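First the structure, in the form of structure tokens, and then the observations on it.
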Amino acid sequence: DGGITQSPKYLFRKEGQNVTLSCEQNLNHDAMYWYRQDPGQGLRLIYYSQIVNDFQKGDIAEGYSVSREKKESFPLTVTSAQKNPTAFYLCASSTDRGVYGYTFGSGTRLTVV
Amino acid sequence: ILNVEQSPQSLHVQEGDSTNFTCSFPSSNFYALHWYRWETAKSPEALFVMTLNGDEKKKGRISATLNTKEGYSYLYIKGSQPEDSATYLCAFPGTASKLTFGTGTRLQVTL
């Protein structure tokens with residue numbers, strides 16, 4: 001079955017450490033996205049990529065980095081420069097311009113202690 | 001940053017009640033309006049992608065309408081069931097294909 005896989009589901013890290021969240025899709029979608037959710041807030045866009053080897057900053061990119069070396073993979077690195085990294089992270093993908101809607105992964109809950 | 005607002009923030013209804021929520025979005029440069037359902041411990045699931053003013057879409061007991069000129073969309077659920085309990089998100093695409101999401105309406109349906 002086609003879909004998006006995010007791993008791990010839960011992640012704990014010590015403050016000051018970088019951590020990479022995985023996102024893989026087998027839907028042959030061109031575009032991929034990373035969103036963050038905090039309590040009481042909507043999903044906020046961190047980074048997105050519309051094509052391999054290209055990506056753009058979203059609304060809250062500071063302290064994060066991404067790569068898009070393969071169409072099916074869009075890993076997100078939360079760096080030590082991100083001031084409040086504890087959050088729920090969702091990855092999504094879509095066909096061109098999302099005309100059929102986004103397909104989402106099941107998310108990764110990151111806790112930094 | 002685009003402003004997408006949803007109301008109410010949460011809603012508690014009894015089984016069999018019909019209910020509706022609102023999403024408001026910028027009326028200029030309209031391209032599309034998305035609705036998603038997000039059940040606890042699951043991934044958000046696309047319900048509707050609406051593109052035409054006056055459009056009405058339906059999926060089972062759930063329907064949605066769109067007014068692009070005034071910048072709002074309504075989501076209706078007829079005869080709510082406990083399995084309808086979820087957070088309902090609307091989203092508005094800005095440039096490229098990136099979506100700006102509202103904060104959602106959390107629906108709880110009890111027996």
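Computed from a predicted structure; not experimentally measured. Below, chain A is the first sequence line, B the second, and so on; all start at residue 1.
Here NZ of B:Lys98 is found 12.5 Å from OH of A:Tyr47. Values are rounded to the nearest 0.5 Å. The OH atom of A:Tyr102 sits 7.0 Å away from the NE2 atom of B:His34 when rounded to the nearest 0.5 Å. Of the inter-residue distances, the one linking B:Glu45 atom CD with A:Thr103 atom OG1 reads 10.0 Å to the nearest 0.5 angstrom.
By the criterion of side-chain heavy atoms lying less than 4.5 angstrom apart, applied directly or through intervening Ile, Leu, Val, Met, Phe, Trp or Tyr residues, B:Phe48 is grouped together with B:Phe92 in one hydrophobic cluster. B:Ile62 and B:Leu33 fall within a single hydrophobic cluster, where Ile, Leu, Val, Met, Phe, Trp and Tyr side chains are chained together by heavy-atom contacts under 4.5 Å. Residues B:Val49 and B:Leu47 do not share a hydrophobic cluster, defined by chaining ILVMFWY side chains whose heavy atoms lie under 4.5 Å apart. In the hydrophobic clustering of ILVMFWY residues, with side-chain heavy atoms under 4.5 Å counting as a link, A:Leu27 and A:Tyr33 come out apart.
Ranked by heavy-atom pairs under 4.5 Å with chain B, the list A:Gly58, A:Ala92, A:Gly101 is led by A:Gly101.
When the shell of 6.0 Å around NZ of B:Lys59 is examined, it contains more than 12 heavy atoms from other residues, nucleotides or ligands. Environment of CZ in B:Arg106: sparse, with no more than 12 heavy atoms of neighbouring residues, nucleotides or ligands closer than 6.0 Å. Within a 6.0 Å sphere centred on CD of B:Glu83, other residues, nucleotides and ligands contribute more than 12 heavy atoms. Atom CD of B:Gln14 sits in a sparse spot, with 12 or fewer heavy atoms from other residues, nucleotides or ligands closer than 6.0 Å. Remark: B:Glu39 CD is packed, more than 12 non-hydrogen atoms of other residues, nucleotides or ligands lying under 6.0 Å away.
Side-chain contact between B:Thr100 and A:Leu45 is absent, with no heavy-atom pair separated by less than 4.5 Å. Residues B:Tyr36 and A:Phe104 meet the side-chain proximity criterion, which asks for heavy atoms closer than 4.5 Å. A:Leu43 places a side-chain heavy atom less than 4.5 Å from the side chain of B:Trp38. A heavy-atom distance below 4.5 Å is not found between the side chains of B:Leu99 and A:Tyr48.
Side-chain N or O atoms of B:Thr103 include none that pairs as donor or acceptor with a backbone N or O of A:Gln41 at under 3.5 Å.
Neither the backbone nor the side chain of A:Gln56 comes within contact range of chain B; no heavy atoms are under 4.5 Å apart. For B:Leu89, the part lying under 4.5 angstrom from a heavy atom of chain A is the side chain only. Only the side chain of A:Phe88 comes within less than 4.5 Å of a heavy atom in chain B; its backbone stays farther off. Of the two parts of A:Ile4, neither the backbone nor the side chain holds a non-hydrogen atom closer than 4.5 Å to a non-hydrogen atom of chain B.
Contact detail for B:Ser43 and A:Gly105: the closest heavy-atom pair is OG-O, 3.0 Å.
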